[in-house]
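Reckoned from all heavy atoms, side chains included, excluding hydrogens, waters and symmetry mates. All ligand and atom numbering here is 1-based and tracks the order in the structure.
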Amino acid sequence: MIGQAREWLAQAASVAVLTGAGISAESGIPTFRGAGGLWKNYKPEDLATAEAFGRDPRLVWEWYNWRRELIAKAAPNPAHLALAQLETRKPRFTLITQNVDGLHDRAGSRRILKLHGDIWRMRCTVCGANWPDRCAPLPRIPPHCHCGGLARPGVVWFGEPLPDGMMNEAEHAAASAEVFLVIGTSAVVYPAAGLVPYARQSGAKVIEINPESTPFSAMVGCALQAPAGELLPKLL
Ligand code: BV8
Ligand code: ZN
């Protein structure tokens, strides 16, 4: 299995990758649906919504502040670094991530499609201004814009559309990939998860890296059940 995956990857000129929270697990960031992923017994689906934010912006910001502090103390792990390395070797390479933690950027990845936004950006709910903010912890909860309006995290919540054009770019990358790596995602959130069958239907060889099986494990060409931080460096 791993030999087959290594060979496919070595021979591919165009590679696309879809990552989820699992790739940051070995950096100490809890996943959404795994054990320890919960925060004060709240489910992400209950907090990562515009309704929850409208009802209680302070609570939602306490969750994001907690995650920002955790992420600020974390470092990219060998899986993030291996993907940054792989990008330098491939003529065509696109990293599509569901993660908002920014660890791929810190690992040196360049061409990143952030489907669900970026926890280190803020957006004003009044004037629409959008800016980077790396304060951890936040000096004031909830944070506000210069215009005085309430700021929200620069992420995509459930029920919200992905950033304009982002899925088109991701689909294009998935359709033209000879090898499509799916790493650390439970593949339950759409439209991101739809990229996996889409890549396969477009003829890509799909390699999944996840200690557990997912709804797509049976359909991928190669399902490697191991932690990404251990396995990915062995694939290069
Ligand atoms: C939209 C950002 C439409 C915020 C997130 C019913 C059926 C189907 C779909 C829907 C439905 N009802 C609603 C929907 C749509 C909904 C959806 O898919 N819901 C799901 C829950 C059913 N999707 C949406 O709402 C999307 N928007 O559809 O808009 C629209 C269009 C036009 C106009 C208006 C509206 C928006 C979805 C984005 C939501 N935002 N996050 C934030 O992060 O705070 S989603 C959230 O889940 C994170 O982004 C996360 O990345 C994502 C997916 O989770 P995973 O990354 O997979 O993480 P998870 O914990 O689940 O799994 C971790 C995996 O890692 C596990 O498999 C584990 O085994 C593995 N692992 C663990 N350790 C390791 C490891 N792997 C490797 N190595 C390890 N060491
Ligand atoms: Zn403003």
Side-chain angles (χ1 to χ4, degrees), residues 17-39 42-53 60-61 63-68 70-71 77-80 82-83 96-104 114-131 143-164 166-167 181-196 207-217 223-233:
V17 188
L18 174 66
T19 62
I23 199 167
S24 297
E26 290 156 275
S27 297
I29 313 285
T31 61
F32 283 83
R33 294 167 186 86
L38 296 180
W39 176 71
Y42 287 98
K43 275 162 53 77
E45 280 81 4
D46 299 337
L47 283 180
T49 67
E51 291 72 34
F53 185 73
V60 173
W61 265 116
W63 180 45
Y64 280 94
N65 185 51
W66 174 76
R67 290 171 65 192
R68 287 161 55 112
L70 212 57
I71 295 163
N77 67 60
H80 296 107
L83 290 181
I96 305 158
T97 188
Q98 299 170 89
N99 300 343
V100 298
D101 58 32
L103 288 180
H104 285 305
K114 297 179 182 175
L115 297 185
H116 297 160
D118 184 341
I119 202 167
W120 298 112
R121 292 194 70 84
M122 290 190 184
R123 193 162 76 238
C124 179
T125 59
V126 173
C127 74
N130 187 323
W131 67 93
H144 285 74
C145 170
H146 295 303
C147 82
L150 178 62
R152 61 164 280 174
V155 300
V156 178
W157 281 327
F158 288 103
E160 294 185 327
L162 272 57
D164 277 351
M166 190 70 81
M167 270 311 282
L181 291 172
V182 194
I183 307 169
T185 183
S186 58
V188 297
V189 172
Y190 283 79
L195 289 168
V196 182
I207 301 169
E208 181 182 57
I209 300 175
N210 192 325
E212 291 167 19
S213 62
T214 70
F216 293 127
S217 299
L224 303 172
Q225 300 214 333
E230 287 170 29
L231 191 114
L232 211 45

For atom 6 (C) of ligand 1, is some protein heavy-atom partner under 4.0 Å away?
no

Would a search of protein heavy atoms around atom 14 (C) of ligand 1 find one under 4.0 Å away?
no

Taken to the nearest 0.5 Å, the spacing of Asp101 CG from Asp118 CG works out to 9.0 Å

Exercise check, heavy-atom protein proximity under 4.0 Å to atom 37 (C) of ligand 1:
yes

Could an N or O of ligand 1 be found under 3.5 Å from any N or O of Thr214, whether backbone or side chain?
no

Is the closest protein non-hydrogen atom to atom 23 (N) of ligand 1 under 4.0 Å?
yes

Closest non-hydrogen protein atom to atom 74 (C) of ligand 1, residue and atom name please, with distance?
Gly22 O, 3.4 Å

Taking the Zn ion (ligand 2) as the centre, how many protein N/O/S atoms fall inside a distance shorter than 2.8 Å?
4

For ligand 1, which part of Ala21 has a heavy atom less than 4.0 Å away: the side chain, the backbone, both, or neither?
both

Here the atoms of ligand 1 under 4.0 Å from any heavy atom belonging to Gly184 are 63 (C), 64 (C), 65 (O), 76 (N), 77 (C)

Protein contact for atom 33 (C) of ligand 1 (heavy atom, distance under 4.0 Å):
yes

Going by the 4.0 angstrom heavy-atom rule, the piece of Val188 near ligand 1 is backbone

For this output row, return yes or no: ring centroids of Tyr42 and Trp63 closer than 6.0 angstrom.
no

Are any non-hydrogen side-chain atoms of Ile23 and Thr97 less than 4.5 angstrom apart?
no

Is there a nitrogen or oxygen of Trp157 sitting under 3.5 Å from a nitrogen or oxygen of ligand 1?
no

Under-4.0 Å heavy-atom contact between protein and atom 68 (C) of ligand 1:
yes

Residues pairing under side-chain hydrogen bond (donor to acceptor under 3.5 Å, both in side chains) where one sits in residues 143-155, two or more places apart or in two chains, turn out to be Arg140-His144, Arg152-Glu160

Under 3.5 Å: N/O of Glu45 near N/O of ligand 1:
no

